[in-house]
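Values in this document were obtained by computation on a predicted structure and should not be read as measured data.
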Amino acid sequence: MKIATWNVNSLTARLPHVLQWTAANPVDLLCLQELKLTDDKFPHDALREAGYAHCAAFGQKTYNGVAILSRHPLQEVVKNIEGFEDEHARVIAATVDTAHGPVRVMNGYFVNGQEPGSEKFAYKMAWLTGLRAFVQAQMARHERLVLLGDFNIAPEDRDSFDPEGLRETIHHTTEEREHFRALLALGLVDSFRMFEQPEKSFSWWDYRMLGYQKNRGLRIDHILVSEGLKPHVKACAVDRTPRKWEKPSDHAPVILDIARGA
DNA sequence: ATGTCGCAGAGACTGCGA
C-alpha cells in the first residue's frame with residue numbers, strides 16, 4: 001500500500017498535475033495540503049474518475065485546506081485538532097482498512113510561522129502543542145498511525161540547503177525542531193530517514209531565485225509512522241518529477257510504501 | 001535582496017500569505 005503527501009498550492013491550479021501524477025503513481029492514499037478552495041468546489045468527479053472514489057475534504061476560501069484522497073473507504077473522519085480552537089482548516093484524519101488492519105492517517109498543513117518572534121510564530125508554537133496532544137490521544141486509540149503533511153519544519157541541518165546561513169530563521173529554529181522531536185518522542189519515526197537517501201534531498205523549493213534549478217530547497221514535508229507500523233514500511237522517497245513540470249507546486253510529493261499483509 | 005506564485009477584491013493593479 002502506498003500513501004503520499006503533497007502540498008499542491010491550490011487544488012484549482014494543480015488539479016491537472018494531481019491527475020497526471022496519480023495516473024503515473026496510483027497510490028492508495030494521497031494527502032493534499034493548501035487546497036485553497038471551499039468544499040463545494042472540491043473536484044470529486046474528476047478524482048473519482050482517477051480512481052479516488054473516497055475523498056474526505058476540509059477546505060476553506062483562499063488559504064489552507066486539506067484532503068485525503070483514497071481508493072478505499074475512509075472511516076472516522078475528524079477535521080482539525082480536537083481541543084484546539086482554530087479558524088484555519090489545517091488537519092484532517094481518517095482510518096483506512098488494509099490487509100494488516102486499520103491504519104489511522106493524520107494529514108496536516110502545519111502553520112508556516114513567518115518569522116521567529118512574530119504573532120504567527122506564536123500561533124505556530126501553540127498549534128504544534130495542540131497538535132501533539134491530539135496525536136498522542138489518537139495514538140492511544142490507533143496502534144498503526146501515520147502523521148504526514150507539510151510540517152513547515154526542517155528537522156535537521158541536512159534538511160536545508162543552507163543550514164548555517166539560515167540558522168534560527170523560520171523552518172530552522174530550535175523551538176520548531178524541539179516540537180518535531182517531541183512528536184517523534186510520542187513513538188513516531190521519520191520514515192524518510194529509515195532509508196539511505198541522496199544528499200541534499202528536499203521537498204520544497206522557493207519559486208524565486210531559481211530555487212529548484214539550484215536545488216536551494218528544504219525538506220519540510222514528512223511522513224511519520226508509529227512503532228506499530230514501522231516494521232511494515234518498505235520505502236519512503238521524494239518524487240521530484242512534478243516539480244519539473246510547467247506551473248508546478250513549490251512542493252514535491254513524498255511517498256511511503258507499506259508492505260501488504262505482513 | 002526577492003527576481004515567484006495564487007488568490008481576492010477591485011477596477012485593468014495592489015496587498016497578502018507563502
Side-chain angles (χ1 to χ4, degrees), chain A residues 5-21 30-43 46-47 57-67 80 86-92 107-128 131 148-155 159-173 175-177 179-180 202-222 238 240-254:
Chain A
T5 177
W6 194 5
N7 179 324
V8 290
N9 185 20
S10 167
L11 184 54
T12 308
R14 228 64 67 193
L15 181 61
H17 300 64
V18 170
L19 297 176
Q20 187 177 342
W21 189 77
L30 176 57
C31 297
L32 302 179
Q33 303 89 36
E34 281 207 86
L35 307 182
K36 296 187 177 180
L37 50 73
T38 46
D39 290 343
D40 57 301
K41 296 193 170 68
F42 189 87
L47 293 170
F58 182 34
Q60 73 180 82
K61 193 174 164 184
T62 316
Y63 304 119
N64 312 310
V66 286
N80 262 348
D86 198 350
E87 290 178 9
H88 297 174
R90 294 187 174 276
V91 175
I92 189 164
N107 173 25
Y109 173 48
F110 291 38
V111 177
N112 176 290
Q114 196 170 55
E115 191 181 1
S118 67
E119 274 185 34
K120 286 173 184 164
F121 191 83
Y123 165 50
K124 183 175 196 170
M125 295 299 108
W127 189 93
L128 284 162
L131 176 77
L148 81 179
D150 175 0
F151 283 52
N152 271 312
I153 301 172
D159 299 314
S160 171
F161 71 96
D162 186 11
E164 295 300 333
L166 294 171
R167 196 163 295 289
E168 296 301 332
T169 64
I170 198 66
H171 308 307
H172 300 71
T173 66
E175 288 158 283
E176 290 165 284
R177 287 175 170 180
H179 270 290
F180 188 86
F202 306 128
S203 64
W204 171 88
W205 302 261
D206 202 311
Y207 285 124
R208 296 169 290 188
M209 302 184 299
L210 299 172
Y212 182 73
Q213 290 86 335
K214 295 178 177 173
N215 197 30
R216 292 164 62 90
L218 304 176
R219 192 176 73 93
I220 54 176
D221 300 272
H222 307 296
V238 177
R240 292 162 55 139
T241 309
R243 189 62 177 78
K244 300 166 190 163
W245 294 344
E246 290 290 310
K247 289 254 165 201
S249 165
D250 42 359
H251 295 252
V254 183

With [X], which residues qualify under salt bridge (Lys or Arg N to Asp or Glu O under 4.0 Å), at least two apart?
{"X": "A:R167", "answer": "A:D157, A:E164"}
{"X": "A:R14", "answer": "none"}
{"X": "A:D221", "answer": "none"}

Under 3.5 Å donor-acceptor, [X] side chain and [Y] backbone:
{"X": "A:R219", "Y": "A:S203", "answer": "no"}
{"X": "A:Y207", "Y": "A:D250", "answer": "yes"}
{"X": "A:N107", "Y": "A:A67", "answer": "yes"}

Spacing between [X] atom [atom1] and [N] atom [atom2], to the nearest angstrom:
{"X": "A:Q60", "N": "B:dC16", "atom1": "CD", "atom2": "P", "value": "18 Å"}
{"X": "A:E34", "N": "B:dC16", "atom1": "CD", "atom2": "P", "value": "18 Å"}
{"X": "A:Q114", "N": "B:dC16", "atom1": "CD", "atom2": "P", "value": "11 Å"}
{"X": "A:I153", "N": "B:dA18", "atom1": "CD1", "atom2": "P", "value": "14 Å"}
{"X": "A:N112", "N": "B:dA18", "atom1": "CG", "atom2": "C1'", "value": "6 Å"}
{"X": "A:W204", "N": "B:dT4", "atom1": "CH2", "atom2": "P", "value": "14 Å"}
{"X": "A:E115", "N": "B:dC16", "atom1": "CD", "atom2": "C1'", "value": "16 Å"}
{"X": "A:H251", "N": "B:dC5", "atom1": "NE2", "atom2": "P", "value": "14 Å"}

[N] versus [M] - spacing of their [atom1] atoms, nearest Å:
{"N": "B:dA10", "M": "B:dG15", "atom1": "P", "answer": "15 Å"}
{"N": "B:dG11", "M": "B:dC16", "atom1": "P", "answer": "15 Å"}
{"N": "B:dT2", "M": "B:dC7", "atom1": "P", "answer": "24 Å"}

task = Return the 5'-most residue of the pair A:G113, A:M209 with respect to DNA chain B, ranking by each residue's nearest nucleotide.
result =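 Upstream on the strand: A:M209.
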inquiry  = Less than 6.0 angstrom separating the ring centers of A:H88 and A:Y123, yes or no?
reply    = yes
request  = Please report the C-alpha distance between A:W6 and A:W21 in whole Å, then the side-chain angles of each, then the deciding distance to 0.1 Å, and finally whether the ring pair (Phe, Tyr, Trp, His ring centres under 6.0 Å) criterion is met.
outcome  = CA-CA 11 Å; A:W6 194 5; A:W21 189 77; 5.6 Å; yes
Partner residues of A:N80 under the side-chain hydrogen bond (donor to acceptor under 3.5 Å, both in side chains) criterion, sequence neighbours left out =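 A:N80: no side-chain hydrogen bond (donor to acceptor under 3.5 Å, both in side chains) contacts found.
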message = What residues from residues 211-219 of chain A pass a heavy-atom cutoff of under 4.0 Å to DNA chain B?
response =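 By residue number: none to list.
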Please list, pair by pair, any protein nitrogen or oxygen found under 3.5 Å from a nitrogen or oxygen in nucleotides 6-9 of chain B.
from: B:dG6; atom 1: OP1; to: A:R14; atom 2: NH1; distance (Å): 2.7
from: B:dG6; atom 1: OP1; to: A:R14; atom 2: NH2; distance (Å): 3.2
from: B:dG6; atom 1: OP2; to: A:K247; atom 2: NZ; distance (Å): 3.2
from: B:dG6; atom 1: O3'; to: A:S10; atom 2: OG; distance (Å): 3.2
from: B:dC7; atom 1: OP1; to: A:S10; atom 2: OG; distance (Å): 2.4
from: B:dG9; atom 1: OP1; to: A:K61; atom 2: NZ; distance (Å): 3.2

